[in-house]
Amino acid sequence: MANNSLLIVETPSTTCVDSEYLARQQYDIHRCQSASSAFTTASTVSPAVVLVSAFLPDMQLTDFVRVFSRTHKSTVILVMVESQQCQLAADAIGVGASDYLLKPFTDQQLVSAIDQAISLHNPVADLVVSSAASRQVIQLALRAAQTDATVLISGESGTGKERLAQYLHDNSPRSSGPFIAFNCAAIPETMIESMLFGHSKGAYTGAVSSQAGKFELANGGTLMLDEISEMPLPLQAKLLRVLQEREVERLGSNQKVKLDIRIIAATNKNLSQQVAQGLFREDLYYRLDVLPLSWPALRERRDDIIPLTEYFIGKYAPSPGYSICKSAKLALQSHHWPGNVRELENVIQRALIMARGMELQVADLMLPAASPVQTTPQVEHSAQGLESSKKHAEYQYVLETLKQFSGHKTKTAAALGVTPRALRYKMAAMREQGIEV
């Protein structure tokens, strides 16, 4: 770690960190006994990590974390709490802390927490995590990665469940082994068994040669079973047996192949409800639900929207230098995102195609209105013809922005990123369409 500075903030009566042990781990240790002295010290040493106790003589823990995380954005904050202060720890994470430790803890647990928290602040290929909700999921994934336990990832379609599974694999001891993803919903029911378990030559009509299944191909690595809720009930029983026995038998063969794999299952449905409705085996559910991870919908982690947008612009822009204007960012942040990250990716790809310059505008996004606008019957009639058009989305956004600034044209123009004159022309065009401005 280039910056090895560690700031410990705790009073003598609450001391629980062994400075000598941390110094032997090559950390440069700085100690403070109050929040005010911590801010003063941090302004000169720029610590990589701050360890802060729940008991501060001059500031509430959550207030300290909130202010410190804003003024020292590159610093990792770990809070130390008593066992009865779990809610306080959760509140601290909600305002900027990376993780927490429950007293008492071992020196090894402390170093492990520091290393894992720092890793979250390092760039990760193809994975953007800026919001507190995303960081918490990644923190849990890092812990799960160090075990061989089965992981069940839940989340709406398009949230990035497969990317999270790949991240978990990449950070596990199995990272040098294969990562195989199998979508249970994308394969015809008659082919799932053969593709998962493999088959021998002549096992069925058309099996002209032996073929290894996904379980065998994933040996030594990780097998992800995406959309596991779509697996037919008869195959669920066979899958359960494979998971229990840790061996697989190809169709048409009586030879068993030993398995050394990590299973990650993913679903966009509530599996416990599926079990209650008789659509999913209860014993298989409990076999899979050892370490559950829930990937929040994009609308629940809005701090990720703009970093994701900038990532997709960098990924799909035809040349360097593309950006997005302030009003377009506001439009992205106000959208509901029913399609989650996948929808955002599509919107940015489309905007780059539609863009008339290197700065993406609101009109380039072609987003539907965030909320219905109160209109006259005449406006509703004209809007129906424009419902799927770019102009309709643009006009709706102008109306919403005007409403936000109580009709103040100069402020509205500034928010839209246009001149007041251009806004007047836009409003005139809207009136010509029968829209009451």
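By convention here, the first residue in the shown sequence is residue 1.
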Interatomic distance, CG@Leu225 vs CG@Leu152, rounded to 0.5 Å, equals 10.5 Å

Taken to the nearest 0.5 Å, the spacing of Lys238 NZ from Ile192 CD1 works out to 11.5 Å

For the backbone of Tyr167 and the side chain of Asn171, can you confirm whether one donor and one acceptor N or O come within less than 3.5 Å of each other? yes

Val79 and Asp99, any side-chain heavy atoms less than 4.5 Å apart: no

Check step by step if salt bridge (charged side-chain N to carboxylate O under 4.0 Å, His left out) holds for Arg241 and Asp283. CA-CA 11 Å; Arg241 186 170 64 251; Asp283 45 7; over 6 Å; no

Should the pair Arg299-Glu156 be classified as a salt bridge under the 4.0 Å nitrogen-to-oxygen rule? yes

Side-chain donor or acceptor of Glu247 paired with backbone N/O of Leu259 under 3.5 Å: no

Arg246 side chain to Ile261 backbone, donor-acceptor under 3.5 Å: yes

To the nearest 0.5 Å, atom CG of Leu6 lies from atom CG of Asp28 at 8.5 Å

Are Leu239 and Ile228 close enough, and set up right, to give a side chain to side chain contact (heavy atoms under 4.5 Å, CB included), and what steps lead you there? CA-CA 11 Å; Leu239 173 61; Ile228 188 69; 3.8 Å; yes

Expected output: side-chain Asn340 to main-chain Gly160 donor-acceptor under 3.5 Å: no

Show the nearest heavy-atom pair for residues Leu279 and Leu233, with the distance to one decimal. O-CD2, 3.8 Å

For a quick test of reading the model, state the closest non-hydrogen atom pair linking Ala92 to Thr62 and the distance between them. N-CG2, 4.0 Å

What do the steps show when you test Leu308 against Leu298 for side chain to side chain contact (heavy atoms under 4.5 Å, CB included), and what is the final call? CA-CA 10 Å; Leu308 279 166; Leu298 186 56; 3.8 Å; yes

State, with a plain yes or no, whether a side-chain heavy atom of Arg287 is found less than 4.5 Å away from one of Gln244. yes

Sorted by chain and residue number, the side-chain contact (heavy atoms from CB on, under 4.5 Å) partners of Asn183 (sequence neighbours excluded) come out as Ala185, Ala186, Asp226, Glu227

Flag, side chain of Gln85 to backbone of Glu82, donor-acceptor distance under 3.5 Å: yes

Under the ring pair (Phe, Tyr, Trp, His ring centres under 6.0 Å) rule, collect the residues that match up with Phe64, sequence neighbours excluded. Phe39, Phe68

Which pairs pass ring-ring contact (aromatic ring centres under 6.0 Å, His included) with one or both residues in residues 246-298, sequence neighbours excluded? none

Between side-chain atoms of residues 53-60 and protein atoms elsewhere (two or more places apart, or another chain), which donor-acceptor pairs fall under 3.5 Å?
residue : atom : partner : partner atom : Å
Ser53   : OG   : Phe55   : N            : 3.2
Asp58   : OD1  : Ala35   : N            : 2.9
Asp58   : OD2  : Ala35   : N            : 3.4
Asp58   : OD2  : Ser36   : N            : 3.0
Asp58   : OD2  : Ser36   : OG           : 3.2

Quick one: does Arg356's side chain have a donor or acceptor within less than 3.5 Å of a partner on Gln361's backbone? no

Salt bridge check, Arg24 against Asp18: does any charged N sit closer than 4.0 Å to a carboxylate O? no

Ignoring hydrogens and geometry, is there a side-chain-to-backbone donor-acceptor pair from Ser112 to Gln109 under 3.5 Å? no

Correct closest heavy-atom pair for Thr150 and Val290 would be O-CB, 3.3 Å

Criterion side chain to side chain contact (heavy atoms under 4.5 Å, CB included) on Lys329 and Glu310, from CA distance to verdict: CA-CA 10 Å; Lys329 289 181 179 179; Glu310 293 169 345; 4.0 Å; yes

Please tabulate, for side-chain N and O atoms in residues 317-325, each donor-acceptor pair with protein atoms closer than 3.5 Å (sequence neighbours left out).
none

Quick one about Gln274 and Asn270 (side-chain donor to acceptor, distance below 3.5 Å, no hydrogens or angles considered), yes or no? no

Does the pair Leu168 and Arg262 meet the rule for a side chain to side chain contact (heavy atoms under 4.5 Å, CB included), with working shown? CA-CA 10 Å; Leu168 200 153; Arg262 190 325 169 32; 3.5 Å; yes

Would Ser37 and Ser34 count as a side-chain hydrogen bond (donor to acceptor under 3.5 Å, both in side chains) here? Give the steps. CA-CA 5 Å; Ser37 60; Ser34 66; 2.9 Å; yes

Measure the CD-OG1 distance between Glu300 and Thr159 for me, rounded to the nearest 0.5 Å. 10.0 Å

Option among Ile77, Val76, Val95 that satisfies the side-chain contact (heavy atoms from CB on, under 4.5 Å) test with Ser69: Ile77

Would you give the length of the straight line joining atom OG1 of Thr267 to atom NZ of Lys161, rounded to the nearest 0.5 angstrom? 7.5 Å

Not counting sequence neighbours, which residues clear ring pair (Phe, Tyr, Trp, His ring centres under 6.0 Å) with Phe182? List them please. none

Using a 6.0 Å cut-off, check whether atom CD of Gln108 has over 12 heavy atoms from anything other than its own residue. yes

Any Lys/Arg nitrogen of Arg174 or Asp260 sitting under 4.0 Å from an Asp/Glu carboxylate oxygen of the other? yes

Heavy-atom closest contact (Ile187 atom, Met191 atom, distance): CG2-CB, 3.8 Å

Flag the pair Pro12 / Gln33 as yes when at least one side-chain heavy-atom distance between them is below 4.5 Å, and no otherwise. yes

Does this structure show an ion pair linking Arg31 with Glu10, if we count only N-O contacts that are shorter than 4.0 Å? yes

Could you grab the distance from atom CG of Leu196 to atom CD1 of Ile180, nearest 0.5 Å is fine? 11.5 Å

Neighbour count above 12 (heavy atom, 6.0 Å) for Glu359 CD: yes

Exceeds 12 heavy-atom contacts within 6.0 angstrom, atom CD of Glu282: no

Should we say atom CD of Glu20 is surrounded by more than 12 heavy atoms from elsewhere, each under 6.0 Å from it? no

Main chain of Thr40, side chain of Ser43: is a donor-acceptor contact present, judged purely on distance under 3.5 Å? yes

Gln166/Asp170 under side-chain hydrogen bond (donor to acceptor under 3.5 Å, both in side chains): CA gap, chis, key distance, verdict: CA-CA 6 Å; Gln166 179 75 62; Asp170 292 343; 2.9 Å; yes

For Glu216 against Phe197, the heavy-atom pair lying closest together: OE2-O, 4.1 Å

Do Tyr100 and Leu88 come close enough that some side-chain heavy atom pair is under 4.5 Å? no

Quick check against the 3.5 Å criterion: does Thr71 have a side-chain atom that pairs as donor or acceptor with the backbone of Val67? yes

Taking every non-hydrogen atom, the tightest pair across Pro296 and Val137: CD-CG2, 3.8 Å

Does the side chain of Leu7 come within less than 4.5 Å of Thr41's, by heavy atoms? yes

With heavy-atom distances below 4.5 Å as the criterion, would you say the side chains of Tyr311 and Ile348 are in contact? no

His169 (side chain) donor-acceptor with Gly177 (main chain) under 3.5 angstrom: yes

